[in-house]
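As the structure is a prediction and not an experimental result, all values here were calculated from the model. Sequence lines set the chain letters: A, B, ... in the order given, protein chains first and strands last, and positions in each chain run from 1.
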There are 2 protein chains.
Amino acid sequence: MTAAPKRDRLAERREATRAEILNAAWEIARAGGLAAVTLREVAARVGMQPPSLYSHFASKNAIYDGMFGQAWADYLLVCRQSVASVPKPPRKALLYMVQTFVDFALVDPVRFQLMNQRMVIDFEPSAAAYAPSVQVMTLFRDQLARIGVSADGDADLCVAIVGGLVDAQLANEPGGQRWTAQLPRAMDMFADEVGLPAPRLRRRR
Amino acid sequence: MTAAPKRDRLAERREATRAEILNAAWEIARAGGLAAVTLREVAARVGMQPPSLYSHFASKNAIYDGMFGQAWADYLLVCRQSVASVPKPPRKALLYMVQTFVDFALVDPVRFQLMNQRMVIDFEPSAAAYAPSVQVMTLFRDQLARIGVSADGDADLCVAIVGGLVDAQLANEPGGQRWTAQLPRAMDMFADEVGLPAPRLRRRR
DNA sequence: GTCTATACTGTGATAGAC
DNA sequence: GTCTATCACAGTATAGAC
């Protein structure tokens with residue numbers, strides 16, 4: 001009989017503390033914006049002295065980095081769970097995928113800021129934290145290819161359009177839907193461009 | 001004989017000092033990013049002690065605000081100067097206008113950051129600084145209407161597409177043109193959507 | 001390994017003298 | 001208007017207790 005898989009209680013506890021710190025940071029960010037995240041405030045919430053955080057994160061930006069990785073990992077999970085329920089018709093599939101992203105973005109604007117804008121002036125994501133976002137893009141390209149959209153630059157253009165709409169919405173009218181309501185129209189436009197079959201979901205004006 | 005227009009030398013000098021401060025801030029930002037702009041560095045460049053800056057700007061964000069207004073005012077000027085040279089054919093006109101914006105954005109990424117992203121975490125533009133950007137949008141809508149694009153949301157969609165492409169370019173590959181090279185294609189796509197006449201400038205794939 | 005205590009540096013901002 | 005002096009707060013480094 002082989003030895004039972006050894007639980008590394010130390011590593012578990014360490015990981016739990018890291019998660020606790022990140023959760024506190026998310027709370028603060030959601031309540032007062034990313035700028036409100038200070039080491040002192042985070043430390044106070046987890047019951048530590050500020051310098052103690054350095055036992056778990058090398059710097060404040062390392063905390064942002066952890067949040068960045070978490071956010072993209074969460075979205076990767078959402079994507080994978082939604083793969084099964086993507087509709088078959090190409091245009092419906094396209095709209096479903098980008099709508100999933102937009103919903104994810106709008107439900108937590110601060111998270112979207114961290115994921116997609118370079119909101120925190122001196123923060124550059126590490127390779128490790130960047131990995132899940134690359135996986136998301138790969139998955140998206142695969143799904144696009146499955147409905148026949150695989151030309152160079154097609155995915156780039158699609159992502160730029162969706163990102164542009166969400167950015168404009170959050171920057172100019174947070175909470176509204178003046179821009180995001182144009183998502184179906186924009187995706188029909190894109191579908192026409194890349195030559196997707198099937199009728200338009202919405203008539204042209 | 002009427003009195004000569006009274007030159008307010010004091011106001012002139014005051015305005016000159018403000019401009020000097022903003023110029024110093026632009027220099028620093030271009031060299032080291034917006035985060036590098038500190039009151040001490042600005043003061044050093046204009047030969048002042050840091051607190052003296054408060055005689056001219058109420059806060060550091062007020063300096064960002066001044067830069068924001070300057071940037072949009074500059075672009076408004078570029079737009080007005082280019083109005084005369086916009087080509088007649090609708091699709092060419094459209095591409096010319098957005099290309100003007102993209103060129104303006106790419107030539108100074110830091111300026112674009114300040115203008116279009118909420119890069120500085122706690123900065124919200126004042127009404128005064130916001131005014132020229134509103135004028136730019138009004139001018140853009142007018143020019144769109146002149147080529148027959150006037151439906152609600154058309155300008156919004158166009159701006160979102162262009163902004164999305166520039167954002168993606170600067171965020172993922174500053175200095176490259178993987179995304180911005182798709183501008184003609186994207187504008188043809190948009191032109192098809194809004195029913196602009198004339199042949200596509202580029203063939204579909 | 002983990003946390004505390006203390007301290008250093010740099011930041012934006014204020015008060016008051018000249 | 002500009003200066004000097006000073007403040008409160010930030011992120012961070014280090015030493016040492018457990």
Enquirer: Reckon B/Thr38 touches a base, only the sugar-phosphate, or nothing at all at heavy-atom distances under 4.0 Å?
Expert: sugar-phosphate
Enquirer: Can you name the residues that form a side chain to side chain donor-acceptor pair (under 3.5 Å) with B/Gln182, not counting sequence neighbours?
Expert: B/Arg185
Enquirer: Heavy atoms under 4.0 Å, any strand shown: does A/Val37 hit a base, just sugar-phosphate, or nothing?
Expert: sugar-phosphate
Enquirer: Please list every donor-acceptor pair under 3.5 Å in which a side-chain atom of residues 52-59 of chain B meets a protein atom from a residue at least two apart or in another chain.
Expert:
unit_1	atom_1	unit_2	atom_2	d
B/Ser52	OG	B/Gln49	O	3.3
B/Ser55	OG	B/Ser52	O	3.4
B/Ser59	OG	B/Asn61	N	3.3
B/Ser59	OG	B/Ala62	N	3.1

Enquirer: Could you list the residues that satisfy salt bridge (Lys or Arg N to Asp or Glu O under 4.0 Å) with A/Arg111, not counting sequence neighbours?
Expert: none
Enquirer: Taking only distance into account, with no hydrogens and no angle test, what donor-acceptor pairs under 3.5 Å do side-chain atoms of residues 93-103 of chain A form with protein atoms, sequence neighbours excluded?
Expert:
unit_1	atom_1	unit_2	atom_2	d
A/Tyr96	OH	A/Ser85	OG	3.1
A/Gln99	NE2	A/Asp103	OD1	3.1
A/Thr100	OG1	A/Tyr96	O	2.8

Enquirer: Mind jotting down which residue pairs meet the salt bridge (Lys or Arg N to Asp or Glu O under 4.0 Å) criterion with at least one end in residues 138-153 of chain A? Sequence neighbours excluded, please.
Expert: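 Found A/Arg141-A/Asp156.
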Enquirer: First and last nucleotide of DNA chain C touching chain B, 5' to 3', heavy-atom cut-off 4.0 Å?
Expert: C/dT11 to C/dT14
Enquirer: In chain order, what residues pass the side chain to side chain donor-acceptor pair (under 3.5 Å) check against B/Glu173, with sequence neighbours excluded?
Expert: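 For B/Glu173, the residues satisfying side chain to side chain donor-acceptor pair (under 3.5 Å) (neighbours in sequence not counted) are B/Gln169.
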Enquirer: Looking at residues at least two apart in the chain, or sitting in another chain, which of them share a side chain to side chain donor-acceptor pair (under 3.5 Å) with A/Gln81?
Expert: none
Enquirer: Restricting to non-hydrogen atoms, name the atom on B/Pro132 and the atom on B/Ala73 that form the minimum distance, rounded to 0.1 Å.
Expert: CB-N, 3.8 Å
Enquirer: Quick one: list whatever passes side chain to side chain donor-acceptor pair (under 3.5 Å) with B/Ser126, sequence neighbours left out.
Expert: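 Result, side chain to side chain donor-acceptor pair (under 3.5 Å) vs B/Ser126: B/Asp65.
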Enquirer: Between the two end axes of the helix from C/dG1-D/dC18 to C/dC18-D/dG1, each built from 5 base pairs, what angle do you get to the nearest 10°?
Expert: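 About 10° separates the two local helix axes.
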Enquirer: What is the nucleic acid contact for A/Gln49, judged by heavy atoms within less than 4.0 Å: base, sugar-phosphate only, or nothing?
Expert: sugar-phosphate
Enquirer: Taking distance alone, no hydrogens or angles, what donor-acceptor pairs closer than 3.5 Å link side-chain atoms of residues 26-39 of chain B to residues at least two apart or in another chain?
Expert:
unit_1	atom_1	unit_2	atom_2	d
B/Trp26	NE1	B/Gln70	OE1	2.7
B/Glu27	OE1	B/Arg45	NH1	2.9
B/Arg30	NE	B/Asp108	OD2	2.7
B/Arg30	NH2	B/Asp108	OD2	3.4
B/Thr38	OG1	B/Glu41	N	3.1

Enquirer: Between the protein and nucleotides 12-15 of chain D, are there any N/O to N/O pairs under 3.5 Å, and if so, what are the atom names and distances?
Expert:
unit_1	atom_1	unit_2	atom_2	d
D/dT12	OP2	A/Tyr54	OH	2.6
D/dT12	OP2	A/Lys60	N	2.9
D/dT12	O5'	A/Tyr54	OH	2.9

